[in-house]
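Convention: sequence-line order gives letters A, B, ...; per-chain numbering from 1. Basis for what follows: all heavy atoms, side chains included, without hydrogens, waters or symmetry-related copies. Worth saying up front: this structure is predicted, and the values here are computed from it rather than measured.
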Amino acid sequence: MRNSLFVLLAVLAAAAVYAAARIVDNPYVFFAGYVVLQFVVLATAWNILGGYCGYVNFGSAAFFALGAYTTVAMVKFPALAAKYLPEPLIAVTNLIFPLPIPVLILFGGVIAGLVGLGTGYLTLRLRGVYFSIATLALAVVLQTLVVNWDYVGGSRGAYVVRPATTPFFGIDYMEYLFLMMLALSVATLAAARSIERSRLGFGFAAIRDDELAAESCGVPTLRLKLVATALSGAFMGMAGAPFPYYIGFLEPSSAFGLAYAVNSIAMPMIGGTTSWIGPLIGAVLLGTLQQLATVTIWSELSLLIVGLLLIGFVIVAPNGIVGLLETLLGRKRTEPARAADAEGKA
Amino acid sequence: MTAPLLRVENVSKRFGGFVALDNIDLDVAPGERLGLIGPNGSGKSTLVNCMCGTLHHDTGDVSFEGRSVDGLSAHERTRLGMARSFQLPRPFASLSVADNLRVPLLYTGLHRSGAESSSGELDDRCHDLLGLVSLSHKAHKLPRDLTQVEMRKLELARAMAADPKLLIADEAMAGLSQSEVKDIVSLLIRLNERGVTIILIEHIMTAVMSFSQRLVVLVSGRKIGDGKPDDVIRDPEVERAYLGQ
Ligand SMILES: Nc1ncnc2c1ncn2[C@@H]1O[C@H](COP(=O)(O)OP(=O)(O)O)[C@@H](O)[C@H]1O
Ligand SMILES: [Mg+2]
């Protein structure tokens, strides 16, 4: 299937999801759906590095938080400008700010992508569990920095007031955020899918399977790993950028929450890491399950469910739900992809 | 003699206190078919690793087409035109046999010839290469579904997919039947006739002798023979150190 066709179908699917959510006509659907979509983006982003390249990132929460705190920094900027900038610049600032959500998503992506690039650079020569430990350390360092940075609220946290209106026909703000996250999900999934059978994707797969052999096949492994850490980090940051508006009050412990780190690993692993659809399935399934557990039983339970499921899948079905289905249907992994390619050419 | 394609000068490599390569000098002329023999552990694979950038030698210099490649990483050397197969096959386990070939095709072969690889052209090249090593029927299989012998063929095909000027085959024929060895040797000779310089590391003497225009012998990290195959194997020192074992 061509990439453009995929995007078209994904947009149609997203439109259907949105229509369904509107038909239900319950604000809670947007509220909970936003979280599920946020996990779709996080899981897909994690999978670009973890699934495609085989580098397990324990620090997803840090990239998510980077996006969120970039937004906080932007929201706080006019106040800072009013204090220190000369009058004409303040006027300009007030004209530009507050920034619309799509711009904030872009900023969050750029900042988290740059940090991803830096992380990649520092950890280039680390493999396996050492890389993972380094990402964990990164999360700790960033959280410490944020806790001690007063401008973004420090350990006390920061309030982010939602605008009274939205640019889209004055729909409810939560609905607007849901739509933004829906669009971001489509973009992230389309990016992940377009990587899969591209030159980049084959390079990533070669790195995942055998870096030495990849090098000897001409794959610039170090450079490709930088691309992967930057891309993965950028999408995670984008997922976090609208979060302060969603939650209204952002504190370090919520932005750097364990739930993000755990879910971004668990969702692709449970769904399946070899293709874009695995993280999507994992995120929708686990995300929905956790939202249900949160309202029906108690929110702490949701992480427990995720943990148990993850253990179960790692033992019973290491290739996730997608791998399980493929085995059940008796199909070889690569044949559907080839058939899809042939269609694309025809 | 024309300028060498590959020049190895004074290359030494130690692992801890163990000297794996001891001041190796070796010139390989463009278009040459070179056989490299030596007992197990004599340093043949280590020499390949140093040539191709998988390992860094301690002293000496390796140059390719007249320029030093010592500062280049393995993938840069591959892109310059040096490709090798690994003695123990290292296929990309999650990629199909055909996709294993796509990796070097995407990153070197078609890349170097300048043409932006259309997917059809890529498929054709994959198909050709698989045909050359008679693996077409396994194109969509995963490496784990291959036999040892097929794995070696894939390893060789993947090195060929990089469209090399110099191909180094590190014991690509171990375990192959006699007729398969013949097939691979004639395949390598055909490749050589198309201008590819080849270094063949092999224990199967019939293969080495029918393939090589020149023979180099390593023993304990030292080069003890270099010349016409028939002369080299009759050299008393070679006989004593190697064949007489
Ligand atoms: N990475 C390594 N670390 C330590 N010793 C090694 C390493 N690679 C090879 N050796 C040693 O170097 C010697 C030469 O090995 P090798 O080049 O593989 O020989 P050959 O290919 O001729 O059989 C052997 O004794 C081997 O044990
Ligand atoms: Mg060897």
- request: Take atom CZ of F15(B) as the centre, draw a 6.0 Å sphere, and report whether it contains more than 12 heavy atoms from other residues, nucleotides or ligands.
  value: yes
F202(A) backbone acceptor or donor facing Y107(B) side chain under 3.5 Å: no
- request: Could you please spell out the steps behind the side-chain hydrogen bond (donor to acceptor under 3.5 Å, both in side chains) verdict for S94(B) and R208(A)?
  value: CA-CA 9 Å; S94(B) 70; R208(A) 172 183 66 209; 2.7 Å; yes
- prompt: Are D99(B) and R197(A) ion-paired here, with the side-chain N under 4.0 Å from a carboxylate O?
  reply: yes
Any I207(A) side-chain heavy atom under 4.5 Å of F92(B) side chain: no
Side chains of T78(B) and E215(A) in contact at under 4.5 Å (non-hydrogen atoms): no
Can you give each donor-acceptor pair under 3.5 Å made by side-chain atoms of residues 264-272 of chain A, sequence neighbours left out, with the distance rounded to 0.1 Å?
from	atom 1	to	atom 2	distance (Å)
S264(A)	OG	S60(A)	OG	3.3
S264(A)	OG	Y260(A)	O	2.3

query: When rounded to the nearest 0.5 angstrom, what distance separates CZ in R90(B) from SG in C217(A)?
result: 11.0 Å
message: Rounded to the nearest 0.5 Å, what separates atom OG in S216(A) from atom CZ in R77(B)?
response: 12.5 Å
Heavy-atom side-chain proximity of H75(B) to V219(A) below 4.5 angstrom: no
Residues 62-71 of chain B side chain polar contacts: donor-acceptor under 3.5 Å, at least two apart:
from	atom 1	to	atom 2	distance (Å)
E65(B)	OE1	K165(B)	NZ	3.2
E65(B)	OE2	K165(B)	NZ	3.2
S68(B)	OG	D61(B)	OD1	3.1
S68(B)	OG	D70(B)	N	3.3
D70(B)	OD1	H57(B)	NE2	3.2
D70(B)	OD1	V62(B)	N	3.2

message: Please check this pair: side chain of R79(B) against backbone of G218(A), looking for a donor-acceptor N/O pair closer than 3.5 Å.
response: yes
statement: To the nearest 0.5 Å, atom CG of L95(B) lies from atom OG1 of T274(A) at 11.0 Å
